[in-house]
Amino acid sequence: MISSQHQAAPLAAQLDTNISRLQDQLGYSCDLVYRYLDIMLAQETARIALVYIEGLVDSEIVHENLISPLLSEQETRPASELYLSLADLIDQSVSIGPMSRVNMDQELITGILNGKTAILLDGSDEALLAGTSGWDKRSIEEPQTQTVVRGPKEGFTEDIRTNLSLLRRKIKSPDLRFESFILGRYTQTEVIVSYVIGLANQNVLTEVKQRLNNIDTDSILESGYIEELIENTAYTPFPTLMNTERPDAAAAGLLEGQIIIIIDGTPFVLLAPVTFFKFLQSSEDYYQRYDIASFVRLIRYASFLISMLLPSLYIAITTFHQEMLPTTLLVSLAAQREGVPFPALVEAFLMEITFEVLREAGIRMPRVVGPAISIVGALVLGQAAVQAGLVSAAMVIVVSFTAISNFVTPAINLAVAARLIRFGLMVLAGTLGLFGILVGCMAILIHMASLRSFGIPYLAPLAPYIKQSMKDIFVRLPRWMLQTRPVLLTKNVRRQRSSTKPDSSKD
């Protein structure tokens, strides 16, 4: 855990002293509430102060479950219990969920900032923290980035407790573990590492915890902060951690031996370790029959290659290798490019940059004007550019099909990697032709083979080749054949019994 910039000090026995120190450290913010109560216990008056932040606590819980029971103490508590400490009396009298005792001011401040109500007692050098947190939060909705036709429609939310409950509902096993970390000197963001004992690789788990403990930064506002700070290689376009907002995908990863990192305030959780082929798999692959799932998965691989290579292949063939085209197609392309003043490489860059601008504008602008951008992009910048002779119709088709293919990739971060690599391959194709594309592809494969995700080879189980794990890579074999988990992720590889094959002779 990373401590804040203030030095921790023990609480004093005087209530006024503790309140004064809290005001020095928390300031006089308008949302900070100090509530003083005088409780009469067997002819003795006890002073109590409640401190909480309005908006982070549930006011109804504070009044009904905390203040009312405390005020009723003066009438119901018998004098015979005075030998107990006042903290014991309060601990026993309030009907509220989690209650903890602290004796350091930093623990007290951390609790208040996390939505708890601090109960300070005059004459006691310890305080109570009551779990009264409650704030407005988004309801569980369908994930926006990973939609499926068949499968659960629930997604993670920004509330970390809701996300934990979604995982608990999926995996009802005592072996499911959650370990909490506090990261960010100013944000004090709660980060939870989740794994299943007996399935998670202990070496990977230790490495994940160590990298999280090594984080020393001002803020953690989203999972992307942590992803960049704990990934293996910084200088690569390929992601080495997966993110998902689907509880079923996270649960499936846990049951395969992966470790997930849940961050408060974001619906995206991280999964590690991960291999390249995981980014081309979808949750829906396991909810439909194996034959259609395998066909769709092959389509995804083809679309990923198209999104990287199609513009560069067009540039290389039309610039250096026209002999590879049928004569009629070559004549048609030559006629289209007759009035275009730019070479194919410049023409492709113009269209690709234009599409990237349109894509970014479509994401940032208000939704009510989104259709206007579609009209401008499709008609004005597409058809008008062709009629003006700036680009050829064939190039518009190539760029459009490339963009559509890019959307087929299930993982957004891998789709972004394909977009970046595409521009590099276009330059190689415009200068060296197909030879340049070949050199580029070889460099990409060598780079991918050198990548690791928490010690796991990025191209596993293809490189190194593991025959046992190839049943769920390019195609998905029937479920009764998927008897083992990925051998590199866990040592407990047996997933199901081998006698689950349907027997048609029983019909």
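Remember, it's a predicted structure, so these values are computed and weren't measured experimentally.
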Side chain to side chain donor-acceptor pair (under 3.5 Å), paired with Tyr195, selected from Gln258, Gln202, Glu179:
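The option that passes is Glu179.
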Of the options Asn163, Ile262, Ile140, which is the one that meets Phe156 in a side chain to side chain contact (heavy atoms under 4.5 Å, CB included)?
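Exactly one option meets the side chain to side chain contact (heavy atoms under 4.5 Å, CB included) with Phe156, and it is Asn163.
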[X]-[Y] side chain donor-acceptor pair, cut-off 3.5 Å:
X: Glu347; Y: Ser392; value: yes
X: Glu190; Y: Ser180; value: yes
X: Thr490; Y: Glu256; value: no
X: Thr244; Y: Gln146; value: yes
X: Tyr290; Y: Asp285; value: no
X: Gln281; Y: Tyr286; value: yes

Do Arg211 and Phe454 form a cation-pi contact, if we require the NZ or CZ to be under 6.0 Å from the six-membered ring centre and within 45 degrees of the ring's axis?
yes
Using modelled atom types only, decide if a donor and an acceptor are shared between the side chain of Ser294 and the backbone of Arg476 within a distance under 3.5 Å.
yes
Leu434 backbone acceptor or donor facing His321 side chain under 3.5 Å
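At least one qualifying donor-acceptor pair exists.
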Angle class for the Phe277/Tyr301 ring planes (parallel below 30°, perpendicular above 60°, tilted otherwise)?
tilted
Once the angle between the rings of Phe349 and Phe423 is folded into 0 to 90°, is it parallel (under 30°), tilted (30 to 60°) or perpendicular (over 60°)?
tilted
What pairs with Tyr314 under ring pair (Phe, Tyr, Trp, His ring centres under 6.0 Å), at least two apart in sequence or on another chain?
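None.
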